[in-house]
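To start, the structure itself, in structure tokens.
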Amino acid sequence: MNTVHTIAQLRAAVARARQEGKRIGMVPTMGNLHDGHLALVQKALQSTDYVVVSIFVNPLQFGPNEDLDSYPRTLAADQSKLLDVGANLVFAPSAKEMYPDGMEGHTRISVPLVSEDLCGASRPGHFEGVATVVSKLLNMTQPDLAIFGKKDYQQLAVIRKMAQDLCMPVQIMGETIVRDPDGLALSSRNGFLTAAERQLAPRLYQALQQVAAQIQGGRRDYETVLNEARQQLSEAGIRPDYLELRDPVSLRPVTEESQQLIVLVAAFVGTTRLIDNLSFELN
Ligand code: PAF
């Protein structure tokens with residue numbers, strides 16, 4: 001497994017793999033890899049012949065008061081995990097390589113509607129930063145398949161829409177959330193939690209399960225069900241940013257006819273903002 005830091009090196013390595021007739025897979029990440037990321041790499045290895053993992057903490061997707069500076073950068077540990085799992089190439093560019101003329105005048109990719117509420121409402125500009133960097137990474141690598149985790153469900157919806165609207169010749173795949181045994185979705189930000197906060201954090205998934213169980217059990221007073229779950233999170237000392245029920249494809253609010261649903265949560269456990277979601281159906 002090689003690590004390259006420039007776009008020219010990335011393109012040369014991918015071109016060699018293509019000449020050998022290999023199908024290219026890509027897993028874009030911001031590093032600090034955990035088992036959730038490694039599951040994406042394993043999936044990419046099952047589906048393609050040559051897997052590129054990008055590691056880049058993208059400043060364009062962080063707001064001014066967010067955790068860009070404290071976001072963990074652990075390249076050596078990440079390389080060792082990727083070597084063990086069998087990735088073929090790590091692309092770890094600098095911010096200068098990605099944004100040689102700075103970010104201010106850089107072209108932005110904006111994906112309306114699906115970007116606008118939930119995380120988009122609390123993190124203005126976030127999805128524009130994500131869509132911009134992902135489109136750059138896909139253009140540089142030109143993979144056949146790119147895989148993203150479903151924990152960042154809205155991000156996945158934004159990327160799917162972008163790839164579809166811009167006719168990008170790449171298959172976008174979402175992979176199941178990997179959880180700790182107590183239900184907490186794996187996230188690089190879990191490392192920010194104190195021991196006491198870590199104990200509290202599984203309440204997020206419990207809240208999602210509770211909402212799904214109540215609705216599958218027949219309750220149709222959706223807003224009351226959601227309010228009860230929000231209230232329980234608050235009483236446990238977790239500050240919900242949102243807890244919402246949506247259509248899993250459009251991410252628009254559900255109607256009485258909706259059969260496929262997803263409940264999504266973002267909440268502050270201490271100062272750490274965590275997200276999670278759970279899809280379910282009615283029958
Ligand atoms: O999910 C992430 O780690 C990032 O948002 C991504 C997709 C790598 C873009 O920077």
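We count ligands from 1, going down the list as the structure has it; atoms in each ligand are counted the same way. The structure displayed is predicted, hence computed values, not measured ones.
The nearest heavy-atom contact from the protein to atom 10 (O) of ligand 1 is Q61 OE1, 2.6 Å. At the top of the distance list for atom 2 (C) of ligand 1, counting protein heavy atoms only, stands Q155 NE2, 3.8 Å.
The shortest N or O to N or O distance between D152 and ligand 1 is not under 3.5 Å.
Ion pairing between R18 and D144 holds under the 4.0 Å rule for side-chain N and carboxylate O.
Here I215 is tied into one hydrophobic group with L184, L193, L200, L204, Y205, L208, V211, Y222, V225, L226, L233, I238, L243, L245, V254, L261, V263, V265, V269, L274, L278, F280, L282, each link being a pair of ILVMFWY side chains closer than 4.5 Å. Clustering of Ile, Leu, Val, Met, Phe, Trp and Tyr by side-chain heavy atoms under 4.5 Å joins L83 with M1, V27, L33, L38, L40, V41, L45, V51, V53, I55, L75, L82, V85, V90, L145, I147, M173.
Neither the backbone nor the side chain of I159 has a heavy atom within less than 4.0 Å of ligand 1.
Q210 and Q232 are linked by a side-chain donor-acceptor pair at a separation below 3.5 angstrom, with hydrogens and angles left out of the test.
The side-chain hydrogen bond (donor to acceptor under 3.5 Å, both in side chains) test with D182 singles out one residue from R198, Q199, Q206, and that residue is R198.
Contact atoms of ligand 1 toward V133: 9 (C), 10 (O) (distance under 4.0 Å to a heavy atom of the residue). Under a 4.0 Å criterion applied to the non-hydrogen atoms of T29, ligand 1 contributes the atoms 8 (C).
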